[in-house]
Amino acid sequence: MKTTLRPSNRRNEPLGELALIDLIRRQTAYKTNQQNTDKKCLAVRLGIGDDCAILSPPRGHEVLITTDFSLETRHFRRDLHPPESIGHRCLARGLSDLAAMGAKPLAAFLSLALPSSVAADRLWLTRFVARFNALATIHNVPLAGGDTAESPSNLILADICLVGSAPRGKALRRSTAHAGDDLYITGALGGAAAELLALQARPASLRNAQPDGDHRGPQRDGSLGWGHPHLYPQPRLAIGQALLRRNLASACIDVSDGLSTDLAHLCTESNLRAEIDATSLPLHPRCASLPAKDRLKTALHGGEDYELLFTAAPSKKVPSRIANVAITKIGTMHRPSRTHTTITLITPSGSRSALQPAGWEHFRTR
Ligand code: ADP
Ligand code: MG
């Protein structure tokens with residue numbers, strides 16, 4: 001127990017630490033229990049309430065763990081992002097890392113540092129937790145613990161830890177691509193960066209954005225179809241698990257920092273280089289709102305798409321859709337050579353040029 005947030009008995013005073021944990025526990029408990037009975041998700045033996053959670057991974061599986069910070073002004077802005085989006089994105093980032101390795105989520109842990117003004121704002125907290133829990137329920141991942149403290153600054157810090165499992169020795173990795181493999185991307189690129197620009201330019205236009213993932217065609221909530229890739233990214237868990245189960249992918253990474261940057265990570269870890277074909281890149285419909293000269297750049301370097309970038313041997317029959325999401329071949333993997341840079345871009349005119357990793361870092365405040 002830590003003495004952090006002050007006790008409170010009035011509505012607009014900060015909730016005490018115990019009351020805050022209780023709010024989170026009550027909002028997430030029912031659905032977690034329901035999941036446990038309905039879907040026999042029995043990995044969490046003991047959840048919130050004791051000094052540790054107790055998990056028991058499925059037999060024959062090994063445990064995968066990932067953590068991600070969501071820092072106010074660095075990853076989100078309270079004046080731009082609704083609490084639902086902050087809660088959703090916080091969990092989605094961790095889930096996307098599990099997706100990249102083909103893992104199934106077992107449990108989530110959420111550590112929060114909150115300014116006292118936020119601890120006093122029950123509506124903000126409830127909206128944050130409700131959407132966090134909605135995404136957790138979709139992916140059958142119980143919130144099994146965390147930590148809660150008063151932030152010494154006026155900034156929110158949310159740290160998500162995801163525990164998942166994969167059959168022993170089978171988790172997908174960045175380091176296992178082979179020369180000659182084809183390179184694929186799920187979904188579409190550039191949508192998150194394009195939506196972030198729209199959010200910064202006209203916050204009101206996205207005020208009613210809804211989290212639904214895969215609508216097609218313009219929606220009344222301001223989406224252009226294909227959901228809201230920045231506000232409510234959809235982690236590709238079903239695809240990662242299918243790639244692992246069907247033994248399709250030789251290597252995989254999620255695109256969190258931008259295609260150019262994450263492809264460079266995959267190349268470095270696999271000791272290979274890549275060639276990608278600009279005309280094959282699947283641009284998100286939101287990119288149409290950008291000036292024509294910026295569309296390709298945004299697809300190459302815009303971050304936070306949370307799609308999966310994977311390689312597969314040419315002998316594999318990779319379907320054009322998995323879990324109702326398009327799969328597009330965008331390039332090929334090659335042995336490294338002195339005369340080539342890590343990534344070569346074949347431009348729409350057919351010429352070849354070196355592509356430097358230039359992932360976009362969001363919310364630069366300096
Ligand atoms: P300790 O002091 O022993 O670390 P805490 O008082 O911090 O325990 O937490 C009590 C219980 O509440 C633990 O089970 C912990 O995992 C859980 N918990 C604390 N903060 C959160 C949070 N933000 N989200 C979910 N569970 C939390
Ligand atoms: Mg303890």
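All figures in this text were calculated on a predicted structure; none of them were measured in a lab. Remember, it's 1-based here, ligands and their atoms both numbered in the order they're listed.
In this structure a side-chain-to-backbone donor-acceptor pair under 3.5 Å is missing from Asp294 to Pro291. Of the possible polar contacts, none joining the Asp257 side chain to the Gly303 backbone as a donor-acceptor pair under 3.5 Å is found.
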Original post:
Going through the distances and angles, do Phe69 and Arg74 end up as a side-chain contact (heavy atoms from CB on, under 4.5 Å)?
Top reply: CA-CA 10 Å; Phe69 273 136; Arg74 179 55 54 186; over 6 Å; no
**OP:** For salt bridge (Lys or Arg N to Asp or Glu O under 4.0 Å), just list the numbers for Arg26 and Asp22, CA-CA rounded to whole Å, side-chain angles, deciding distance to a tenth of an Å, and then say yes or no.
**Re:** CA-CA 6 Å; Arg26 273 186 288 111; Asp22 195 48; 3.1 Å; yes
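At a heavy-atom distance under 4.0 Å, only side-chain atoms of Glu17, from C-beta outward, approach ligand 1. If you look at Leu143 next to ligand 1, the close heavy atoms, those under 4.0 Å, all belong to the side chain.
The shortest non-hydrogen separation linking Leu91 to Phe132 is CD2-O, 3.4 Å.
When Leu112, Asp147, Val129, Asp50 are checked for heavy-atom proximity to atom 13 (C) of ligand 1, Asp50 turns out nearest. With Asp22, Thr148, Ile48 as candidates, the residue nearest to atom 21 (C) of ligand 1 on a non-hydrogen basis is Thr148.
Between Ile21 and ligand 1, a contact under 3.5 Å exists for no N or O pair. The shortest N/O to N/O separation between Gly146 and ligand 1 falls below 3.5 Å.
A salt bridge is defined here as a Lys NZ or Arg NE, NH1 or NH2 lying under 4.0 Å from an Asp or Glu carboxylate O, and Arg173 with Glu269 fails to meet this definition.
Against a heavy-atom cut-off of under 4.0 Å, Gly49 is close to the following atoms of ligand 1: 11 (C), 13 (C), 14 (O).
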